[in-house]
Engineer: 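My questions will all concern the structure given below.
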Amino acid sequence: MPLRLIIPNMVTLLALCSGLTALRMANEGRWEFAVGAILLAAVLDGLDGRVARMLKGTSRFGAELDSLADFVNFGVAPAVMLYIWILNEAGSLGWIAALIYAISAALRLARFNVALDDPDKPAWASRFFTGVPAPAGAVTVMLPLYLDFLGLFPHWFADEAFVAAYTVAIAFLLISRLPTYSGKSIGTRVRRDYVLPLFVFAVLIVALIASYPFRMLAAGSALYLLTIPFSWRTFRKLALADTARGFDDDGDESDTDMDNLADRDKDHGG
């Protein structure tokens, strides 16, 4: 088997190891390491598909392996972490909330994998996902944990009933048809005069996350949730402007899957 087919799968397996390690860290109460392992899994998940395309090493095996890894890393791991942290205090209600989130992540990944390209889909639709992506959902669903460790809110915010309701709400965002920004509209080339500032900015972000993990994750999760209404409004405007081109013959823009499957990470599975 060519090495170019093996390397992307090794990246996927490293992501899976990171997600499983998050479960161990949570069970030992080492929450900084647990959250960091989920973040590492998300970074590796974003790399494996791109590495596969760069090496021309995409494969059906890689796509299936990545889907299973995503379910563990961004469905099972966050749900179990929240249950260990506080949802267990709610008894069956907390476990049901964890189950709903994990199942929603599985359904979201399955919908992504089986969605077919729409030949009439305009190019701008690739700027949106359908619902919240699984990695973003995994990071966002743990927002109460970040805030509780920072002590930024009263105790009621970290109440098990509130966390259970919040977990279910994020689960429904995963399987919803709300358009969310995909980030794939960002170009693959950078202007020469932006290269050095980009390096400095990347180092700054990494340093801030390493130094203030819970603060950065809380701010990032809140900002991401705030972008959802704007992404819906942007999608709506673009859809209305494109109706003359027959974007959706039945007049219901919400019937169109916004996932960029033509240039998706799932071609390896990333």
Side-chain angles (χ1 to χ4, degrees), residues 18-42 70-109 129 131-178 180 208-232:
S18 185
L20 292 172
T21 300
L23 293 175
R24 175 192 171 186
M25 296 295 103
N27 189 53
E28 296 176 357
R30 301 162 69 181
W31 293 105
E32 293 86 352
F33 292 100
V35 172
I38 293 294
L39 284 179
L40 178 59
D70 284 355
F71 173 60
V72 173
N73 296 340
F74 311 125
V76 175
V80 174
M81 288 171 62
L82 288 174
Y83 184 78
I84 293 174
W85 171 54
I86 196 172
L87 290 180
N88 63 88
E89 299 178 9
S92 297
L93 178 63
W95 181 241
I96 290 172
L99 282 178
I100 290 175
Y101 176 82
I103 291 172
S104 297
L107 293 173
R108 201 270 179 230
L109 291 167
F129 285 126
V132 173
V139 175
T140 305
V141 77
M142 293 187 289
L143 177 59
L145 185 150
Y146 311 147
L147 295 175
D148 183 60
F149 273 81
L150 291 173
L152 296 179
F153 281 84
H155 179 70
W156 66 265
F157 190 85
D159 179 76
E160 59 270 14
F162 177 86
V163 176
Y166 176 79
T167 302
V168 172
I170 297 298
F172 278 103
L173 287 179
L174 289 175
I175 60 175
S176 72
R177 302 196 67 85
L178 285 172
T180 57
L208 287 174
I209 293 176
S211 302
Y212 309 100
F214 288 122
R215 289 181 175 84
M216 292 296 294
L217 289 171
S221 298
L223 288 175
Y224 180 79
L225 292 175
L226 290 174
T227 65
I228 294 178
F230 295 99
S231 64
W232 177 84

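Side chains are part of it too, since the values below use all heavy atoms of this structure and drop only hydrogens, waters and symmetry mates.
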Engineer: Working to the nearest 0.5 Å, report the span between CG of Leu99 and OG of Ser104.
Structural biologist: 10.5 Å
Engineer: Looking at Asn88 and Ile84, would you say the former's side chain and the latter's main chain have a donor-acceptor pair under 3.5 Å?
Structural biologist: yes
Engineer: Quick one: are Val132 and Ile170 in side-chain contact, heavy atoms under 4.5 Å?
Structural biologist: no
Engineer: Around atom CZ of Phe33, are there more than 12 heavy atoms of other residues, nucleotides or ligands at under 6.0 Å?
Structural biologist: no
Engineer: Side-chain contact test, heavy atoms from C-beta onward, threshold under 4.5 Å: evaluate it for Val163 versus Leu87 and give yes or no.
Structural biologist: yes
Engineer: In Å and rounded to the nearest 0.5 Å, what is the OG1 to CG distance from Thr21 to Asn73?
Structural biologist: 9.5 Å
Engineer: Indicate yes or no for a side-chain donor-acceptor contact from Ser176 to the backbone of Leu173 under 3.5 Å, with no hydrogens or angles considered.
Structural biologist: yes
Engineer: Looking at every heavy atom in both Ala77 and Leu23, which two are closest together, and how far apart are they?
Structural biologist: CA-CD2, 3.5 Å
Engineer: Using every non-hydrogen atom in the two residues, find where Gly19 and Ala41 come nearest and quote the distance to one decimal.
Structural biologist: N-CB, 4.2 Å
Engineer: Closest heavy-atom contact between Ala105 and Gly75?
Structural biologist: CB-CA, 3.6 Å
Engineer: Distance from Trp85 atom CH2 to Asp148 atom CG, nearest 0.5 Å?
Structural biologist: 4.5 Å
Engineer: As an exercise, state the distance from CE of Met142 to CZ of Phe149, rounded to the nearest 0.5 Å.
Structural biologist: 11.5 Å
Engineer: Please check if the side chain of Tyr101 supplies one atom and the backbone of Ala138 the other of a donor-acceptor pair under 3.5 Å.
Structural biologist: yes
Engineer: Hey, which of Leu143, Val139, Thr140 is the one that makes side chain to side chain contact (heavy atoms under 4.5 Å, CB included) with Tyr224?
Structural biologist: Thr140
Engineer: Is there a donor-acceptor pair under 3.5 Å between the side chain of Thr180 and the backbone N or O of Ile228?
Structural biologist: no
Engineer: Taking all heavy atoms of Ala34 and all of Met81, pick out the closest pair and write down the distance.
Structural biologist: CB-CE, 3.7 Å
Engineer: For a quick test of reading the model, state the closest non-hydrogen atom pair linking Ala37 to Ser18 and the distance between them.
Structural biologist: O-OG, 2.5 Å
Engineer: In Å and rounded to the nearest 0.5 Å, what is the CH2 to OH distance from Trp31 to Tyr146?
Structural biologist: 11.5 Å
Engineer: Taking all non-hydrogen atoms of both residues into account, name the closest pair between Arg108 and Pro133 and its distance.
Structural biologist: NE-CA, 3.7 Å
Engineer: Walk me through whether Leu217 and Leu39 qualify under side chain to side chain contact (heavy atoms under 4.5 Å, CB included).
Structural biologist: CA-CA 10 Å; Leu217 289 171; Leu39 284 179; 3.7 Å; yes
Engineer: Check for a donor-acceptor pair, side chain of Ser221 on one end and backbone N or O of Ala218 on the other, with a separation under 3.5 Å.
Structural biologist: no
Engineer: Report the distance from atom CD of Glu89 to atom OH of Tyr83, rounding to the nearest 0.5 Å.
Structural biologist: 10.5 Å
Engineer: With heavy-atom distances below 4.5 Å as the criterion, would you say the side chains of Val76 and Phe71 are in contact?
Structural biologist: yes
